[in-house]
Amino acid sequence: MMKPILLLLLSSLLPSILTVDPPLPSPDGSDFIRTSCNTTLYPDLCFSSLSTFANSIHNDSNRLARVAISLTLSNTLHLLNISYLQNAYGNCVDHGCDGPTAAIIKDCSENLKDAVDEMRDSMKQMKELVSTGSVQSFRFQMSNVKTWLSAALTNQYTCTDGFEDFHENGSIKDDVSSRVDDVKKLTSIALALVNRYADKAIPL
């Protein structure tokens with residue numbers, strides 16, 4: 001008599017065990033962004049910066065890359081549009097800092113302007129991607145995006161590298177370098193996400 005009862009109990013438990021569903025991806029796409037960001041050098045910054053755009057990204061690698069480019073572009077423009085570097089240059093002159101340091105601040109501004117142009121080119125190319133064309137055409141377009149973003153990152157590094165040999169007016173140097181370092185990280189993230197998109201979109 002015990003065996004049938006035991007079998008009945010087991011049979012009533014098995015369906016609930018066997019039908020347990022795996023956890024579903026987050027509906028807002030934050031899991032997708034977290035996974036994508038883990039391929040970058042700054043995963044935490046990447047996620048905290050881009051997760052607020054999850055509802056517009058919709059688990060789309062192309063959109064994620066474009067949002068990342070737009071974010072670093074807007075941050076670089078903010079540095080320039082608020083005339084921060086020009087003010088730093090003026091403060092440098094007013095407080096009698098040496099000529100080379102003032103020149104470096106001015107050069108940094110020019111470097112960032114070049115970076116802005118290159119990021120705009122990369123964003124334009126990302127919007128005009130022709131995924132229905134040939135693989136060769138798509139690879140060429142993605143190569144352009146990577147080249148421009150890499151050049152933008154190089155310009156940002158050139159800005160901060162200029163301060164390495166100068167130790168006067170440390171507060172100005174440190175402040176400028178810190179602000180540009182933030183933009184460099186965002187550009188690095190954008191480039192990594194572009195590479196990830198290209199790897200997934202282009203057939204081997």
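Put simply, the side chain of Thr35 gets close to the backbone of Asp31: a donor and an acceptor are under 3.5 Å apart. Under the 3.5 Å distance criterion, the side-chain polar atoms of Glu110 are left unmatched by any main-chain donor or acceptor of Lys106. No side-chain donor-acceptor contact under 3.5 Å links Ser178 to the backbone of Asp175. In terms of modelled atom types and a separation under 3.5 Å, the side chain of Ser177 and the main chain of Asp174 share no donor-acceptor contact.
Separating the CG atom in Leu191 from the OG atom in Ser122 is a distance of 9.5 Å, to the nearest 0.5 Å. A distance of 9.0 Å separates CE of Met119 from CG of Asn155, quoted to the nearest 0.5 Å. To the nearest 0.5 Å, atom CZ of residue Arg120 and atom OG of residue Ser70 are 11.0 Å apart. Here the straight-line distance linking atom CG of Leu193 with atom SG of Cys46 works out to 5.0 Å at 0.5 Å rounding. We find the OH-NZ distance between Tyr197 and Lys146 to be 11.5 Å, quoted to the nearest 0.5 Å. Note that CG of Leu71 and OG1 of Thr76 are 9.0 Å apart. Values are rounded to the nearest 0.5 Å.
Ion pairing between Asp44 and Arg34 holds under the 4.0 Å rule for side-chain N and carboxylate O.
Leu41 is connected to Leu45 through a chain of hydrophobic side-chain contacts under 4.5 Å among Ile, Leu, Val, Met, Phe, Trp and Tyr, so both are in one cluster. The hydrophobic clustering, which links ILVMFWY residues whose side-chain heavy atoms are closer than 4.5 Å, places Phe138 and Trp148 apart.
Ala54 and Ser30 make their closest contact through CB-N, 4.4 Å (heavy atoms, listed as atom of the first residue, atom of the second, distance). When all heavy atoms are compared, the tightest approach of Ser36 to Thr39 is O-OG1, 2.6 Å. Ile189 approaches Tyr42 most closely through the heavy-atom pair CD1-O, 3.9 Å. Across every non-hydrogen atom of Phe53 and Ser49, the tightest pair is CE1-O, 3.3 Å. Minimum interatomic distance between Ile57 and Phe32 (heavy atoms only, all atoms of both residues): CG2-CE2, 4.1 Å.
No side-chain heavy atom of Thr147 sits less than 4.5 Å from a side-chain heavy atom of Glu118.
With sequence neighbours excluded, the residues satisfying side chain to side chain contact (heavy atoms under 4.5 Å, CB included) with Arg66 are Asn62, Arg63, Met123, Met126, Lys127. Residues passing the salt bridge (Lys or Arg N to Asp or Glu O under 4.0 Å) test with Arg196, sequence neighbours excluded: none.
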Mind listing the side-chain donor-acceptor pairs of residues 180-188 below 3.5 Å, one per line with the distance, residues two or more places apart or on another chain?
unit_1 : atom_1 : unit_2 : atom_2 : d
Asp181 : OD1    : Lys184 : NZ     : 2.8
Lys184 : NZ     : Thr160 : OG1    : 3.0
Thr187 : OG1    : Thr72  : OG1    : 2.7
Thr187 : OG1    : Gln156 : OE1    : 3.0
Thr187 : OG1    : Gln156 : NE2    : 3.0
Thr187 : OG1    : Val183 : O      : 3.0

